[in-house]
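Proteins come first, then strands; the chains are lettered A, B, ... in the order of their sequence lines, and each starts at number 1. Side chains included, hydrogens not; waters and symmetry mates left out as well; all remaining heavy atoms used.
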Amino acid sequence: MKPAAFRYHAPKTVDEAVATLAEVAAEDGRVLAGGQSLVPTMAFRLAKPAHLVDINGVEALKRLTVADGRLVIGACVRHAAFHRPVCPGPLGKLLSDVVRHIAHHPIRNRGTFCGSLAHADPASEWCLVLTALDGEVLAKSARGERVIAARDFFKGIMTTALRDDELLVEARLPILAADMRCGFYEFNRRAGDFALAAALACYRVASGTIAEARVALGGVEVSPRRIAEAERALFGAEPGDKAFRAAAETAMAAVDPMEDAITSADYRRDLVLAVTRRALERASV
Amino acid sequence: MNSPMQTQPWIGQSVERLEDPPLVAGRGAYAGDINFPHQLHMRIARSGHAHGRIVSIDASLARALPGVFAVWTAEDVAEVPPVDFREGSIPALDPYRQPVLAKGYVRYVGDPIAAVFASDPYVAEDAADLIAVEIEELPPLLDARAAPGEFAPGHSTEAALIRQGYGDVDAAFRTAAHIVEVELAIGRHSGVPLETRGAIGRYDASRGILELHGAAKVPHRNQELLARMLRLPPSSIHVHESHVGGGFGIRGELYPEDVLVCVAAKKFNRPVKWIEDRREHLIAANHSRQQLHKIRAAVDKDGVILAIDDVYFHDQGAYVRTHAARVVHMTAGILPGPYRVPAYRATGHFRLTNKTPAATYRAPGRYETTFVRERLVDAIAQNLSIDRIEIRRRNCIGPTEMPYPRPLEALGEEIHYDSGDYIGLLDKLFAKIGWNELNAAVKARKAKGEPVGIGIEMFVEKSGLGPIDGVKISIDTSGFVEVVTGGASIGQGFETVMAQVAADALGVDYRRCRVIHGQTDRIPFGIGAHASRATVMTASATHIAALKLRAKALDMAAQLLQTTPDALDIADGEVVRKDGKPGPSISLGKIAQNLAPTSQLLGEREPGLSAEGWFRTEHQVYPYGSHVAVVRVDRETGGVIIERYCIAYDIGRAINPALVHGQIVGGFAQGLGGALLEEFTYSERGDPLAVTFADYLLPALRETPRPEVLLREDYTSPLNPLGIKGAGESGITAVGATIASAIDDAIGIPGAVRELPVTPQRLKQILDRRAPR
Ligand SMILES: Cc1cc2nc3c(=O)[nH]c(=O)nc-3n(C[C@H](O)[C@H](O)[C@H](O)COP(=O)(O)OP(=O)(O)OC[C@H]3O[C@@H](n4cnc5c(N)ncnc54)[C@H](O)[C@@H]3O)c2cc1C
């Protein structure tokens, strides 16, 4: 578990970083952010990047700001930054709920929000958040920059729309309306493990019924996804056990769960019922 | 921990550990901290196939890598025999021993194929990756229940059929009012110490001594074993244990890597260091536990057990390692536990598969059989509609029946329960936890539809494996005591406990004692730390040696003080008058000076204030206990939450209650792992699926509630001078059984749990099968 040899680069600016990436991308050059996923992969020699471009020294990437109705999260913002609400209203609260499910404290002190997006583990909480809230990311390379919407970004297990020479500069989440109710629930075998299934639910109530609903699942399919069927089932319904259960059952039917040697698709589907209903319940309190 | 008193008696006090200051100050010396000038680093290239024939190995690229000193394959160690059994040759099992490097065939993913020796560990790993191995795949055998195949020409994968028993079992089954039968499986898991294995071989050409540094546990046994294998005089090999980050039975055995560093160190005349990485650890260090039992009981109309008949399959993995058939054999001997079983038959199929080899892990044979036996007794209670406590009352061996010999064996000794009151302890536990109130509360919650349940199980432990231990104690001219033992410290507080025992007999402060362990150059005999033996055996020998030394000190003091020894006592290192009246006194240091070889006053005495003591025993000692669990099941996910866990244990005599407590709590956490989380899983091709801590799930802080411990000292052992019984394995033994029974109770399906670990997915399947959604 000693990594293979690599060359280490420590750019100081975004431009320097993308210039270096442009040079080394062809030789499996990789961005090093918090290193909490990449370094273990290297230790197992599942990844043997010839170059590492360490972005931790790039000041501009440490920004965490609210602008134009969006929360902008720079590439070097750590998970731990979200332990306390980073902005007023439901979004800050939601993120501070969710972050406690990501690994353990020491890992949260190093790992980054954007690193999680780039890594794109199917069960990543931040990938689920970006998907549920229809966030977007800004990608930059020596060739220019582009904005990628969440729904176009995740392409499967640990696969994204990001190109080898692109730096994910920031992620953007919409500030949620003050009356948006949000709930998150995940099931895992131990605290801090990647979830076997996770759900994020948000809804608003107008005149006693659900006026707007978002239900997204993580860890179930190869990428997190909003479940339109469940959202439709909630629309116009009175929030409560009956509606939540119906939506959860709809979600259960709508998913195409992953299967591996340990966890069956059927079991993951069972979990969808539990996590969806519980996320909705949590949103209601 | 209690704040320690500063005086004798030390025995019975939770004094602070002597071994902690270096450890908490970062001054410990673990295997990784041991370095010698000019050392080489070894890396093992391992099989990626579960079963196959080695067609070719091409190490030319690896050898050509700068920094690589040598690469070995089986041919380079042709003269080294396979790793021997601890107790010597067992002809029937010899063919199943593991070669230090795979010869002709690979038999599990992780099987060592080649060893790289290089200037640094990174280069060694780079080189190992460059070794090209061509393997012709053979079908893997992954299930010990499947029909046996051929291990090698003329040798079946069923290495042995183990039989133990007594009485007329068939007659009992013919006439019994009821026959209760269950099939139960224990998952493959093992001890996973925080510190992985490590071995440093060093050949001291100036003295002609080969040294092995690293693991603790059985240094003297490993010394003998190495001497046999390498055909060297035992006194030319020295094994040195260092600090350890956990042992649990699996660390400290002699493995292929330990032999390789020794052979290479001698051949290259350079120290060779090997530190296992975590992935290697999970596929190369001993696995344990995996068994399937088909067990039946013949019972009369009142639920009294007349006979037990058990057929079990033990999944040994790819080779038979140092323990030989120990676990599979002990399983048969230990299964009946606290119950009277008039007739008994156990037949164990000792079978090889293409998985990592298995051996002992904390409470070997007992974790497994306690699960099996207690599930069986629960099933009897259920079938006969008798309360599960009542059924135990009817079948438990009572205090008046002690000592209770049983014509069965464990670890080569006849089982002979020395003392105890099993039901008495259970009742004490009930009183402590408020059994009736607990039951009422759980019942009320159940009535409201909450899936909560209580599990309760009993066990008899086995500890203090003999046959003998010896200790040498000496006091220097400053009065400082050195206790040289053949024992081993695997982190359990060995030094503190031996110091407490020595200090009481010698009348000194326990902090004025240094305890030596695990050093074969200091004492030529030792059996080490395993089978919960260290405190029973080594402390007894310490006690005996210390009493001898005391007598010698008093004898000399009597001459110096012009009185008789029986008028004297030792307090705080000073020999004083027993009657407490003022008068002259003399320190132990002074007495040591007067016993120097050159002393004028020595007379006919042996020089030196020192003594040697031996403790011999024919039987192990049998502590016992009960566990109670309260669990809640999450019906939607199959998750299990442990709300409460209680452990009652009668240890006979606790030298240091805080340390016993620590053993129990730590054991509980590991038991919980085996009950709910930990499992070495394999794909159909025999690829191990749990090779990181992301897949091999150890219980962590948030999964592990703090157990409540009732530690009793009601029944001391009559078999040793201090009445001690062992402590190491009581916390773990019944956890699988107890959680299983609590889950059954919570979901209202008796006998539902038939397999460990109870993963959420398995439990969900049980719930879906039996209950409409
Ligand atoms: C024990 C453990 C438990 C964990 N549990 C969880 C969990 O429950 N939930 C969870 O979501 N995560 C979990 N993680 C992963 C952790 O959250 C990581 O921090 C995260 O996945 C990656 O972030 P990082 O900053 O560490 O990225 P790195 O490890 O540095 O990089 C990961 C990958 O993303 C690429 N990358 C990173 N940043 C950028 C960028 N700005 N632009 C382009 N590419 C980039 C890297 O090149 C690399 O390929 C766990 C990790 C550990 C060790």
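- When all heavy atoms of Ala191(A) and Glu703(B) are compared, the closest pair comes out as N-OE2, 2.8 Å.
- Neither the backbone nor the side chain of Pro40(A) comes within less than 4.5 Å of any heavy atom in chain B.
- Among Thr637(B), Asp277(B), Val640(B), the residue making the largest number of heavy-atom pairs under 4.5 Å with chain A is Thr637(B).
- Heavy-atom distances place no part of Phe194(A) under 4.5 Å from chain B, backbone and side chain included.
- The side-chain contact (heavy atoms from CB on, under 4.5 Å) test applied to Glu259(A) returns Ser264(A), Ala265(A), not counting sequence neighbours.
- Enclosure of atom CG in Leu194(B) is not indicated, since only 12 or fewer non-hydrogen atoms of other residues, nucleotides or ligands lie within 6.0 angstrom.
- One distance of note links CG of Leu677(B) with CZ of Arg190(A); it measures 7.0 Å at 0.5 Å rounding.
- In this structure, chain A has heavy atoms under 4.5 Å from both the backbone and the side chain of Arg279(B).
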task = Could you please spell out the steps behind the salt bridge (Lys or Arg N to Asp or Glu O under 4.0 Å) verdict for Arg189(A) and Asp695(B)?
result = CA-CA 10 Å; Arg189(A) 294 187 58 194; Asp695(B) 296 307; over 6 Å; no
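- Atom OG1 in Thr196(B) sits 9.5 Å away from atom CE in Met1(A) (nearest 0.5 Å).
- Contact record, Tyr267(A) with Pro760(B): OH-CB, 3.0 Å, taken as the closest heavy-atom pair.
- Within the 4.5 angstrom heavy-atom criterion, atoms from both the backbone and the side chain of Arg278(B) approach chain A.
- Here the options are Leu196(A), Asp270(A), Thr263(A), the test is side-chain contact (heavy atoms from CB on, under 4.5 Å), and the partner is Gln761(B); only Thr263(A) passes.
- For residues 102-113 of chain A, heavy-atom neighbours of chain B at less than 4.5 Å comprise no residues at all.
- Atom CD of Glu238(A) is surrounded by 12 or fewer heavy atoms from other residues, nucleotides or ligands within 6.0 Å.
- Along residues 275-285 of chain A, the residues that come nearer than 4.5 angstrom to chain B, judged on non-hydrogen atoms, are Arg277(A), Arg278(A) in order of number.
- At a 4.5 Å heavy-atom cutoff, the contact between Ala43(A) and chain B is made by backbone atoms alone.
- Here the CD1 atom belonging to Ile275(B) is positioned 8.5 Å from the NZ atom belonging to Lys2(A), to the nearest 0.5 angstrom.
- The part of Leu676(B) that comes within reach of chain A is its backbone (N, CA, C, O), which places non-hydrogen atoms under 4.5 angstrom from that chain.
- Contact residues of residues 681-694 of chain B toward chain A are Thr681(B), Leu689(B), Val691(B), Thr692(B), Phe693(B) (heavy-atom distance under 4.5 Å).
- Remark: the backbone N or O of Ala4(A) is not paired with any side-chain donor or acceptor of Glu125(B) at under 3.5 angstrom.
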